[in-house]
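Each ligand, and each atom within it, is numbered from 1 in the order the structure gives.
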Amino acid sequence: MANEPDSVDPSHALFDRFVQAQTCKETQQNFIELCRHLEVEPRDYKHFYSKLKDRLNYWKAKDLWQKIDKRAAHLDYDQGQACHQNKCLVLGAGPCGLRTAIELALLGAQVVVLEKRASFTRNNVLHLWLYTIRDLLNLGAKKFYGRFCSGSIHHISIRQLQMILLKLALILGVEVHTGVTFEGLQEPSGSTGWRAQVSPASHTAAAFEFDVFISAGGGRYVPDGFKVKELRGKLAIGITANFVNRHSKQEARVQEISGVARIYNQKFFQALQTEIGVDLENIVYYKDDTHYFVMTAKKGSLLKKGVIKQDFSDVNQLLAPANVNQEALQKYAYDAADFSTDHMLPDLEFAKNHAGHPDVAMFDFTCMHRAENASLVKERKGKRLLIALVGDSLVEPFWPLGTGIARGFLAAFDTAWMVRSWGKGVPPLEVLAERESLYQLLSQTTPENTSKNYAAYSIDPSTRYPNANLSLMKPVQVKHTVLDAHLHTCKSYSIRRLEDLLSWCQKNTAGYKHVKVKDLSESWRSGMALCALIHNFRPELIDMSCLDEYNITGNNKLAFDLMEREFGITPVMRASEMTTCGKIDQLSMVVYLTQIRNALTEKHTPYLKLCLIVQPAAPVVPMASSEAGSSELCYFCNKHLYVLERGSAEGKFFHRSCFNCYQCGSTLRQGGYTFHSDTGKPEIHFILFFYFTLFYSILFYFIIPHFILPYSPLPKPRTVHNVVPQASNTPEEPEQNQEETPESKSKPSLRKLQLSQEEKADRLSQDSDSETPASSSAASTSSSSKQQEGGEEEGYWSGGTATGMSLRDQRNRRCMRRKSEPPPSAHSQHGKMRSKFSPWNLSSPRLQQRFSVLRVAPSG
Ligand SMILES: NC(=O)C1=CN([C@@H]2O[C@H](COP(=O)(O)OP(=O)(O)OC[C@H]3O[C@@H](n4cnc5c(N)ncnc54)[C@H](OP(=O)(O)O)[C@@H]3O)[C@@H](O)[C@H]2O)C=CC1
């Protein structure tokens, strides 16, 4: 009941106490009491939140539930099922460890956090990017800390942030153990999984078995297996100082300094130096729980002021506690704070740090650390462990820049996304490759280059990083992050499948005379093994006793014919070539045997895909597909075409030996030819190159300067560009006019079409099986210089004349003709030749790059 006094229900009071608790200990105690009172068991992490919500019928809590429910309903979490089988250990209850823990809990994982500090005592204040503010507000931060980012304040003390996140984590069923130090990983034994060695050793957390380990222990803790890079800059000595904030009116009036660097306010820094001898590079002042100052001081002034006792070139020696005069340091920080706030802060008194001492500290920012990898996988005794770094242990931030928590949270989200993939069973190398791809972005992220749609931020990287390339790193590039064990790399993954096929063949040919299958190539030469395979499954088809192992052609012909007749599997080569060919191509044999296996066992296995992995350069054409029919005869000689002899271009299949230049007779190679549009015959590209060069010389030096430029002062995108300017055809004129004249038909213009999603999908699907990816029909004519630069960003180019014809048909019609066909009319001379290397050719990498956005399948 909304208006019921809180005192009526003790659970309400307990909830209020939990929400308002100011220390870690108080929070944990109130939480335990609340759970006890409501009879909900926090260890029942799967149902804890929903039970708590059901049993705590309190309007103040409902506001919070709404926020949490909204977040939890995000599709990324699959209603808490995405990682429901994962168990995650998080080291460190700093802001980044807790933020990660919350996301893991929302994904449905069991999460345990270990924190060596018994209390949250860090006064230092963190600058928050707008997205972090939005993120925390969406999680209900204001319910826990009313002053959170009120007005224009974009910062929060680490302690307050930890408190907010701790409360949220507890509500979501995360177990947080403070005063427990993680000492190392304990490898699985036969019966147990991965565990942690903790101190105190008797702590219950030591029995927790997990498959995900998140290290968020701050800059000083990096687990085994990770390499850390040192980023050494010019000497930078940081000083942090916290003074008690009494929240008086006078203090409230003092202006914050959100970050001043010397170069932007030389007058101020000069005055600071001359008046009080404090020489700084920059200074930040935030008013939060404390008056917090962080500054970068110059070594000279620290020496002069006696803060640093003795000068050393080695920074470690220079800043070693024995070489620092604490009292002088306090005086130095005090003077800087007092001067920079114009002596307006009354009674400056140092706040106390966790050890009860004045909270002033000096740090070395000279050398920052950055882990080489964000994640790795360990496997022992068949148990895999995904390990990830977040927060300072991943990338140490330069505090005065305020990037720490912003990048820290981004890494927390990216890590949660990775764990989600892990939970969904994505192969480890793919999981790691995607994480490392994102990690490459982290150090470059700024408020400017991340998405401004903060409301849409989720653990899905695409909501945060515009244009993020999640496959920047390939699985093979992260192999080294899979530590020892027997995880399958890409290669071994493929090899394993090859081995599967081989062992299937061996099993099904075992015991046959003169058959010894040792590999997927030479063992098949005699044809005996193929016959044995057939006999094993269909003994009625073959009489093995009649076969002669030396009759290679006969055996193979028999097997090939049977396979084609009975199962529709096209032979890989002529039977006679099994005798004559030097080496049997393993790839083709694998394709052939895979089809046989599928046919004989009526199973579908992914070998075609596998073959592409094994030998990506070789074209793999599914033989039993409808294309097989069209490829049975050579396009040029009309004779039977076997897969092993087969070449293809422009959607046609032919004997590789028939693919000759019609001018000089040389054998052509894929990519090094063009088709003559008159004859439909291939020719070497240098002939084309000659015409091409000549054509463009005329275009650029004569036609454009004399005809196009005088009439077209401004290049217009999305308009028609013709090779030869026609007085009657301004660029804006409708295309239909051109189609009506025979001349316009013979000179297909490049027209940019505005296509519907369906049309785009149609075009994409037409191109997807093309030998030369993307429609190259556009390439048959020329265009303006703007187009040459690939100046268009979206849309499709298409030949302007044909209707009701697929792009590929148009292209083939124009570019290839059978020898028997009559030559085209003289009108078509304009578009007579094109090169694969033409800038108009959309299959050229340059244009593909520009158009890559269009290749993404249109979303529904
Ligand atoms: N402006 C500032 O002055 C500072 C800012 N930050 C910012 O805070 C952000 C969050 O940092 P975050 O990455 O969460 O790290 P934090 O340093 O905030 O938190 C890590 C926590 O893990 C604890 N810890 C370390 N080792 C162990 C262990 N073996 N077992 C159990 N607990 C352990 C640490 O204790 P302990 O600290 O005792 O080692 C610490 O409490 C950073 O991005 C950074 O920018 C961080 C520090 C100072």
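Between the side chains of S157 and N123, no donor-acceptor pair of N or O atoms lies under 3.5 Å. A donor-acceptor contact closer than 3.5 angstrom is absent between the side chains of S375 and Y439. Donor-acceptor pairing under 3.5 Å is lacking for the side chains of H291 and N242.
Screening residues 203-219 for side-chain hydrogen bond (donor to acceptor under 3.5 Å, both in side chains), with sequence neighbours left out, gives N86-D211, R195-E209, D211-W422.
Every atom of ligand 1 with a heavy atom of G404 under 4.0 Å away is listed here by number and element: 43 (O), 45 (O). Listed by number with element, the atoms of ligand 1 under 4.0 angstrom from any heavy atom of G94 are 14 (O), 18 (O), 19 (O), 21 (C). Heavy-atom contacts of P397 reach the following atoms of ligand 1: 44 (C), 45 (O) (cutoff under 4.0 Å). Here is the list of ligand 1 atoms found below 4.0 Å of a heavy atom in L114: 31 (C), 32 (N). The distance from ligand 1 to the heavy atoms of G391 drops below 4.0 Å at these ligand atoms: 13 (O). Distances below 4.0 Å separate heavy atoms of V180 from the following atoms of ligand 1: 31 (C).
Residues passing the ring-ring contact (aromatic ring centres under 6.0 Å, His included) test with F409, sequence neighbours excluded: none.
Protein heavy atom closest to atom 22 (O) of ligand 1, with residue, atom name and distance, is G92 CA, 3.2 Å. Taking atom 4 (C) of ligand 1 as the reference point, the nearest protein heavy-atom neighbour is W399 CE2, 3.3 Å. From the protein, the heavy atom lying nearest to atom 9 (C) of ligand 1 is I405 CD1, 3.8 Å. Looking at atom 1 (N) of ligand 1, its nearest protein heavy atom turns out to be Y292 OH, 3.1 Å. The protein atom (non-hydrogen) at minimum distance from atom 14 (O) of ligand 1 is C96 N, 3.0 Å. With hydrogens left out, the protein atom closest to atom 8 (O) of ligand 1 is L126 CD2, 3.8 Å, a heavy atom. Scanning the protein heavy atoms around atom 25 (C) of ligand 1, the nearest turns out to be G217 O, 3.1 Å. In this structure, atom 15 (O) of ligand 1 lies nearest to the protein heavy atom G218 CA, 3.5 Å.
Only the side chain of L91 comes within 4.0 Å of ligand 1, counting heavy atoms alone; its backbone N, CA, C and O stay farther away. Counting heavy atoms closer than 4.0 Å to ligand 1, residue V294 contributes nothing at all. Residue contacts with ligand 1 for N124 involve side-chain atoms from C-beta outward but no N, CA, C or O (heavy atoms, distance under 4.0 Å). Here A216 has backbone heavy atoms under 4.0 Å from ligand 1, and that is the only part of it that gets that close.
Ion pairing of D359 with K352 is absent here, as no side-chain N (NZ or NE/NH1/NH2) approaches a carboxylate O to less than 4.0 Å. With respect to the salt-bridge test (charged N to carboxylate O, under 4.0 angstrom), the residues E281 and K234 qualify. Between E183 and K116 there is no salt bridge, since no side-chain N of the basic residue sits under 4.0 Å from a carboxylate O of the acidic one. Using a cutoff of 4.0 Å between basic side-chain nitrogens and carboxylate oxygens, R464 and D135 are not scored as salt-bridged.
Below 30°, between 30° and 60°, or above 60°: for F18 and F31 the angle between ring planes is between 30° and 60°, a tilted geometry. Between F293 and Y285, the ring planes lie parallel to each other; the angle is under 30°, not in the 30° to 60° tilted range. By the 30° and 60° cut-offs, the orientation of the rings of W129 relative to Y131 is perpendicular.
Relative to atom 39 (O) of ligand 1, the option among R122, K116, Q162, E115 with the closest non-hydrogen atom is K116. Nearest-heavy-atom check against atom 11 (O) of ligand 1 across L394, T181, D392 picks out D392. The residue from H127, H354, R117 that puts a heavy atom closest to atom 36 (P) of ligand 1 is R117.
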Exercise for review: Show your working on side chain to side chain donor-acceptor pair (under 3.5 Å) between Y465 and D460 and close with a plain yes or no.
Suggested key: CA-CA 9 Å; Y465 312 115; D460 181 348; over 6 Å; no
Practice item. Could you please spell out the steps behind the ring pair (Phe, Tyr, Trp, His ring centres under 6.0 Å) verdict for Y457 and Y454? Key: CA-CA 5 Å; Y457 270 39; Y454 305 129; 5.6 Å; yes
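The shell of residues lying under 4.0 angstrom from ligand 1, judged by heavy atoms, excludes T403. Every heavy atom of G408 sits 4.0 Å or more from the atoms of ligand 1.
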